[in-house]
Amino acid sequence: MNSRKTVGRAPRETSAIPAAALRFLEYYYPIHYKAGIGVEAALRGGALNRHQVAMLWLIHSEGKEGREMDRKAIERSLETWFEISGAAITKALRAMAQPPLDLVRLVENPRSGREKIVVLTPKGEAHMKKMIAGGEAYVQRIIDHMSDEEIRQGLHFFKRISEIVEGFRQE
């Protein structure tokens with residue numbers, strides 16, 4: 001019996017699909033580096049670096065009302081995604097807080113004078129909308145070549161991967 005833990009369902013025997021893990025891996029890297037980097041480039045829009053895009057995406061997807069997030073929460077998430085230091089995060093945030101970008105404001109956290117909250121400016125909110133539209137257009141170019149059923153299966157697959165990986169973080 002396979003002792004793997006699964007999230008959202010009971011553990012099962014090893015897959016009946018021969019070498020499934022290896023086959024997934026062989027698709028994963030090309031998807032990550034070809035499609036994933038393409039999505040990232042579309043989100044960057046030539047104006048931001050990959051860390052800055054990730055910070056804005058975190059604020060949008062996990063922040064309070066999609067507009068603000070504790071700087072420390074941003075740092076914790078980014079450290080799991082990239083090899084990046086706190087100083088590099090501070091530098092990237094400061095660059096986004098100054099002209100010509102002016103995408104965020106760094107405000108004092110009322111619970112701790114040493115901590116900061118990163119808040120999207122109106123220009124930052126407009127930039128997020130443009131960023132998302134660019135990413136959506138790139139993904140649309142991909143799914144234009146898929147059937148409705150393939151799209152449904154792909155969405156289900158990505159959702160399940162997200163749930164499972166999130167479960168790993170809680171173990």
Side-chain angles (χ1 to χ4, degrees), residues 1-89 91-93 96 118 120 127-171:
M1 168 113 177
N2 186 339
S3 63
R4 289 181 295 185
K5 288 185 179 180
T6 59
V7 178
R9 67 173 204 212
R12 64 182 173 92
E13 294 291 325
T14 302
S15 176
I17 301 170
L22 178 59
R23 291 173 65 201
F24 271 103
L25 180 62
E26 288 172 349
Y27 281 114
Y28 170 80
Y29 254 64
I31 289 170
H32 175 70
Y33 283 107
K34 292 177 183 174
I37 298 301
V39 169
E40 183 179 282
L43 293 173
R44 289 176 58 197
L48 303 173
N49 68 38
R50 66 190 315 219
H51 299 140
Q52 291 169 322
V53 167
M55 290 175 205
L56 291 177
W57 192 264
L58 276 169
I59 294 167
H60 167 75
S61 63
E62 297 180 20
K64 181 179 173 188
E65 298 177 7
R67 294 194 65 246
E68 66 182 60
M69 191 169 186
D70 289 339
R71 186 211 167 281
K72 284 289 185 188
I74 293 171
E75 185 173 335
R76 280 191 303 274
S77 289
L78 287 186
E79 285 175 341
T80 65
W81 296 355
F82 304 110
E83 291 179 19
I84 186 170
S85 67
I89 291 169
K91 183 178 177 181
L93 286 169
M96 288 194 298
V118 182
L120 291 178
H127 185 84
M128 275 303 305
K129 288 178 183 172
K130 182 179 173 187
M131 200 172 94
I132 290 168
E136 182 181 13
Y138 182 84
V139 173
Q140 185 65 53
R141 289 178 55 207
I142 294 169
I143 66 173
D144 281 346
H145 300 275
M146 297 178 163
S147 69
D148 288 351
E149 182 58 26
E150 288 172 323
I151 292 168
R152 275 191 287 280
Q153 289 174 4
L155 290 169
H156 174 75
F157 181 72
F158 282 159
K159 180 177 182 262
R160 286 294 296 137
I161 288 174
S162 295
E163 292 167 353
I164 292 165
V165 171
E166 189 61 34
F168 293 164
R169 290 175 50 181
Q170 296 171 5
E171 289 179 353

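Numbers for residues simply follow the sequence, beginning at 1.
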message = Looking at every non-hydrogen atom in both residues, tell me the closest pair between Ala42 and Tyr138 and how far apart they are.
response = CB-CB, 3.8 Å

task = Would you please classify the geometry between the His32 ring and the Tyr28 ring as parallel, tilted or perpendicular, with 30° and 60° separating the classes?
result = parallel

ask   = How long is the gap from NE2 on His60 to CE on Met128, to the nearest 0.5 Å?
value = 5.0 Å

ask   = Crowded around His156 NE2? As in, over 12 foreign heavy atoms under 6.0 Å?
value = no

ask   = In Å, rounded to the nearest 0.5 Å, how long is the span from CZ of Arg50 to CD1 of Ile84?
value = 9.5 Å

ask   = How many angstroms lie between atom CD1 of Ile89 and atom CD of Gln52, to the nearest 0.5 angstrom?
value = 11.5 Å

inquiry  = Are more than 12 heavy atoms, taken from residues, nucleotides or ligands other than Phe82, located less than 6.0 Å from that residue's CZ atom?
reply    = yes

ask   = Is there a donor-acceptor pair closer than 3.5 Å between any side-chain N or O of Arg71 and the backbone N or O of Val118?
value = no

request  = Kindly indicate, with the supporting measurements, whether the criterion side chain to side chain contact (heavy atoms under 4.5 Å, CB included) is fulfilled by Met55 and Leu48.
outcome  = CA-CA 11 Å; Met55 290 175 205; Leu48 303 173; over 6 Å; no

key: Donor-acceptor pair, side chain of Asn49 and main chain of His51, under 3.5 angstrom   = yes

remark   = Between the CG atom in Leu56 and the CG atom in Leu120, the distance rounded to the nearest 0.5 Å is 6.5 Å

request  = Indicate the atoms forming the closest heavy-atom contact of Leu43 with Gly135, along with that distance.
outcome  = CD2-CA, 3.9 Å

request  = State, with a plain yes or no, whether a side-chain heavy atom of Leu58 is found less than 4.5 Å away from one of Trp81.
outcome  = yes

Partner set under side chain to side chain donor-acceptor pair (under 3.5 Å) for Asp148, not counting sequence neighbours = none

remark   = d(Glu75 CD, Leu93 CG) to nearest 0.5 Å is 9.5 Å

message = Hydrogens and angles aside, do Gln153 and Glu149 bring a side-chain donor and acceptor to less than 3.5 Å of each other?
response = yes

ask   = CD/Glu136 to CE/Met131 distance, rounded to the nearest 0.5 angstrom?
value = 13.0 Å

request  = May I ask you to say whether Arg23 pairs ionically with Glu26, meaning some side-chain N is under 4.0 Å from a carboxylate O?
outcome  = no

